[in-house]
Amino acid sequence: TKAQRNLFHIGLKAIRLAIEWKILDPELWNFIAVGENINEVELSENIFLNSAPWLSYSEYISLIRKSDMYIALMNSPHTSFPVIEAMQLSVPSITTTFANKSKIRLAAYSKYIYASEADSVAIAKNIGIALAENTEENGGVTVLKDFQDMNVSLEMLNRWIKQHLVTEQPKLNFSKE
């Protein structure tokens, strides 16, 4: 979570902007961090980001299934596993571009991946776009249109990774030009 490549500080700023711009109504949302245990972080007045306790893999997948959105920023040329896991569960996933990990390439993998440069304003806008494209109003509460209880296994994720990611190696140029 707090490793510099994970862009935690940019993600926090993006969530704060999304709250400030009324994209996210803090009365309707729970903000949960998974992975590294962090201290409670204030996002807005009396609205906090809290850590989930350490979860087993099945508990983690269950939490993603129940989520309306997943934010997994990564300042690296590879896509992080949380983006792939959320995508497999049809949960909109907000992530960042980097080098060969372009918005177009990521969008080609899944309509549930919303990528932008590592900029809090762009990420906050993607939060709004993801919500607009994947939700509907239901008695004043936002719910996913196509939320389903899907069975995701490590084997399914491994098969998807091999099919879509492993076969295509990036061409890196190390020349000084």
Side-chain angles (χ1 to χ4, degrees), residues 1-52 60 63-64 67-136 142 144-145 160-161 164-165 168-174 177:
T1 302
K2 292 190 285 185
Q4 204 156 10
R5 73 172 186 270
N6 293 345
L7 307 172
F8 184 72
H9 60 290
I10 293 174
L12 282 178
K13 189 171 182 183
I15 294 168
R16 289 176 175 138
L17 285 172
I19 291 169
E20 179 184 329
W21 295 345
K22 311 268 188 263
I23 293 170
L24 296 174
D25 181 348
E27 297 295 320
L28 300 176
W29 288 83
N30 292 315
F31 301 93
I32 303 168
V34 296
E36 185 178 332
N37 191 18
I38 61 167
N39 294 325
E40 184 177 75
V41 177
E42 190 165 21
L43 298 171
S44 185
E45 188 175 334
N46 296 319
I47 305 299
F48 297 92
L49 172 68
N50 293 294
S51 272
Y60 167 71
L63 178 62
I64 295 174
S67 298
D68 291 301
M69 180 176 301
Y70 202 96
I71 300 174
L73 311 179
M74 179 68 78
N75 193 33
S76 74
H78 62 82
T79 305
S80 63
F81 279 106
V83 172
I84 296 166
E85 292 160 338
M87 172 199 77
Q88 288 289 325
L89 292 163
S90 302
V91 173
S93 184
I94 309 299
T95 193
T96 48
T97 58
F98 183 91
N100 61 313
K101 190 176 69 171
S102 71
K103 184 175 183 174
I104 293 169
R105 285 184 80 185
L106 290 170
Y109 291 128
S110 173
K111 68 179 185 174
Y112 295 104
I113 298 177
Y114 296 84
S116 69
E117 64 274 12
D119 172 76
S120 57
V121 170
I123 294 164
K125 287 179 183 177
N126 262 354
I127 291 170
I129 292 166
L131 287 176
E133 291 181 357
N134 293 283
T135 58
E136 67 183 10
T142 304
L144 276 174
K145 286 181 183 177
W160 187 91
I161 290 165
H164 294 286
L165 299 179
E168 191 174 325
Q169 297 297 319
K171 293 176 178 69
L172 301 176
N173 182 0
F174 293 104
E177 297 176 33

Enquirer: If every non-hydrogen atom of I94 is compared with every non-hydrogen atom of M69, which pair is closest and at what distance?
Expert: CG1-SD, 3.8 Å
Enquirer: Restricting to side chain to side chain contact (heavy atoms under 4.5 Å, CB included), what partner residues turn up for S120, sequence neighbours left out?
Expert: I10, K13, A14, L17
Enquirer: Evaluate the side-chain proximity of Y112 to S93: yes if any heavy-atom separation is below 4.5 Å, no if none is.
Expert: no
Enquirer: Evaluate the side-chain proximity of Y70 to V34: yes if any heavy-atom separation is below 4.5 Å, no if none is.
Expert: yes
Enquirer: For residues S116 and I123, report the shortest heavy-atom separation together with the two atoms involved.
Expert: OG-CG1, 3.6 Å
Enquirer: Of all the heavy-atom pairs spanning I23 and G128, show the shortest one and how long it is.
Expert: CG2-CA, 3.5 Å
Enquirer: Working note: M74 + L7, criterion side-chain contact (heavy atoms from CB on, under 4.5 Å); need CA distance, chi angles, decisive distance, verdict.
Expert: CA-CA 6 Å; M74 179 68 78; L7 307 172; over 6 Å; no
Enquirer: With side chains defined as the heavy atoms from C-beta onward, is the minimum distance between Y114 and I129 less than 4.5 Å?
Expert: yes
Enquirer: Name the residue from N46, L43, I15, I47 that meets the side-chain contact (heavy atoms from CB on, under 4.5 Å) definition with P26.
Expert: I47
Enquirer: Is R105 reaching over with its side chain to a backbone N or O of N100, donor-acceptor style, under 3.5 angstrom?
Expert: yes
Enquirer: Consider side-chain contact (heavy atoms from CB on, under 4.5 Å). Of I71, L24, V41, which one does F31 pass it with?
Expert: L24
Enquirer: Are any of the side-chain heavy atoms of I32 and L49 separated by less than 4.5 Å?
Expert: no
Enquirer: Let's go through I84 and M87 carefully: what are the C-alpha distance in whole Å and the side-chain angles of both, what is the deciding distance for side-chain contact (heavy atoms from CB on, under 4.5 Å) to 0.1 Å, and is it a yes or a no?
Expert: CA-CA 5 Å; I84 296 166; M87 172 199 77; 4.2 Å; yes
Enquirer: Output yes when a side-chain donor or acceptor of K101 lies under 3.5 Å from a complementary backbone atom of S76, and no otherwise.
Expert: yes
Enquirer: Using the test side chain to side chain contact (heavy atoms under 4.5 Å, CB included), find all partners of E27 that sit at least two apart in sequence or belong to another chain.
Expert: D25
Enquirer: Evaluate side chain to side chain donor-acceptor pair (under 3.5 Å) for E85 paired with Y60, printing each intermediate quantity in order.
Expert: CA-CA 10 Å; E85 292 160 338; Y60 167 71; 2.6 Å; yes
Enquirer: Give a yes or no on whether the backbone of A115 and the side-chain of T97 come within a donor-acceptor separation of less than 3.5 Å.
Expert: no
Enquirer: Would you confirm whether S110, through its side chain, and L106, through its main-chain N or O, come within 3.5 Å as a donor-acceptor pair?
Expert: no
Enquirer: Yes or no on side-chain contact (heavy atoms from CB on, under 4.5 Å) for V83 and Y109, after CA distance, side-chain angles and deciding distance?
Expert: CA-CA 11 Å; V83 172; Y109 291 128; over 6 Å; no
Enquirer: What residues form a side chain to side chain contact (heavy atoms under 4.5 Å, CB included) with F48, not counting sequence neighbours?
Expert: E40, E42, N50
